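Just below is one structure, and these are the notes that go with it.
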Amino acid sequence: MLASLFCAVIPYAMILRGVRRGHLTDRHIGVREQRTKPLLLGLASVTVGVVLLLVLPAPRELTALIVASLAGGVIATGVNHFWKSSVHAGVAAATTVVLTMVFGPWLLLTAAITAAVAWSRVHLRDHTTAQVLVGAAIGGVVAGVVFGSLR
């Protein structure tokens, strides 16, 4: 619950607040120039979550997962400062990688969900194919390296 609060609930609440106040055009933060501040605030929230998970202490795999999320978020934020990569595709790819590492090769089947997310981002014209591929690569590689190293 703690990890979900700091990694999803608080960051999403900050985005919704930005939309309601007119600082963000939409909840997907479609305008790249508007992404930096919400992404940095989200990273701050995840960082607080990581610290709490370390202090309490949480299960090792959960902490590894959230540290991998933070690492992927840092890289995606850096890339998105200059170019709009797909965070949605990155999260989907990271999820496939972590599930496969934890539960075995049958979970590679979740790559179909990652592909569906990637397709939807292009189909909705929120991203180009290149932006989706880069986002997925960031998420998958960072999750594999960081989660794999820390678990």
Side-chain angles (χ1 to χ4, degrees), residues 1-59 61-100 102 107 110-147 150:
M1 294 297 285
L2 184 73
S4 295
L5 176 67
F6 284 94
C7 294
V9 175
I10 292 173
Y12 193 63
M14 288 188 284
I15 290 169
L16 291 179
R17 184 174 184 228
V19 171
R20 285 189 192 116
R21 290 187 169 197
H23 299 129
L24 302 173
T25 54
D26 61 272
R27 63 186 173 90
H28 295 290
I29 316 174
V31 178
R32 184 182 52 82
E33 294 77 17
Q34 295 177 353
R35 286 181 159 197
T36 301
K37 185 176 178 181
L39 286 171
L40 290 175
L41 290 172
L43 290 175
S45 179
V46 175
T47 300
V48 170
V50 167
V51 170
L52 290 173
L53 291 173
L54 291 169
V55 168
L56 289 179
E61 282 191 333
L62 176 61
T63 303
L65 174 65
I66 304 308
V67 170
S69 176
L70 178 61
V74 167
I75 293 169
T77 298
V79 169
N80 280 321
H81 184 71
F82 301 100
W83 190 63
K84 184 181 169 188
S85 69
S86 175
V87 174
H88 288 91
V91 170
T95 301
T96 293
V97 168
V98 170
L99 286 173
T100 302
V102 172
L107 273 292
T110 62
I113 297 169
T114 299
V117 168
W119 173 83
S120 73
R121 304 309 294 159
V122 174
H123 180 74
L124 293 170
R125 296 190 175 132
D126 286 331
H127 291 284
T128 65
T129 300
Q131 291 168 338
V132 165
L133 292 173
V134 168
I138 291 169
V141 170
V142 171
V145 170
V146 176
F147 180 79
L150 297 178

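Count residues from 1 along the sequence. The structure displayed is predicted, hence computed values, not measured ones.
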If you round to the nearest 0.5 Å, how far is [atom2] of [Y] from [atom1] of [X]?
X	Y	atom1	atom2	value
Leu124	Trp119	CG	CH2	7.5 Å
Asp26	Asp126	CG	CG	7.5 Å
Leu39	Met14	CG	CE	10.0 Å
His81	Thr36	NE2	OG1	5.5 Å
Leu54	Ile66	CG	CD1	11.0 Å

Can you name the closest pair of heavy atoms from [X] and [Y] and give their distance?
X	Y	result
Leu150	Ala64	CB-CB, 3.6 Å
His28	Arg35	O-NH2, 4.0 Å
Pro11	Ser45	CD-OG, 3.8 Å
Ala76	Ile138	N-CG2, 4.4 Å
Leu62	Ala58	CD2-CB, 4.2 Å
Leu43	Val74	CD2-N, 3.7 Å

Restricting to side-chain contact (heavy atoms from CB on, under 4.5 Å), what partner residues turn up for [X], sequence neighbours left out?
X	result
Thr47	Leu70
Thr25	Val31, Gln34
Ala130	Trp83, Thr128
Leu52	Leu2, Phe6, Val48

Listed once per pair and sorted, the side chain to side chain donor-acceptor pair (under 3.5 Å) pairs that draw on residues 61-78, sequence neighbours left out: Glu61-Arg151
Residue pair Ile10 / Leu5, side-chain heavy-atom distance below 4.5 Å: yes
Where at least one partner belongs to residues 69-95, residue pairs that pass salt bridge (charged side-chain N to carboxylate O under 4.0 Å, His left out), sequence neighbours excluded: none
Got a list of side-chain donor-acceptor pairs under 3.5 Å for residues 86-97, not counting sequence neighbours?
from: Ser86; atom 1: OG; to: Ala89; atom 2: N; distance (Å): 3.0
from: His88; atom 1: ND1; to: Arg121; atom 2: NE; distance (Å): 3.4
from: His88; atom 1: ND1; to: Arg121; atom 2: NH2; distance (Å): 3.4
from: Thr95; atom 1: OG1; to: Val91; atom 2: O; distance (Å): 2.8
from: Thr96; atom 1: OG1; to: Ala92; atom 2: O; distance (Å): 3.4
from: Thr96; atom 1: OG1; to: Thr110; atom 2: O; distance (Å): 3.3
from: Thr96; atom 1: OG1; to: Thr110; atom 2: OG1; distance (Å): 3.2
from: Thr96; atom 1: OG1; to: Thr114; atom 2: OG1; distance (Å): 2.8

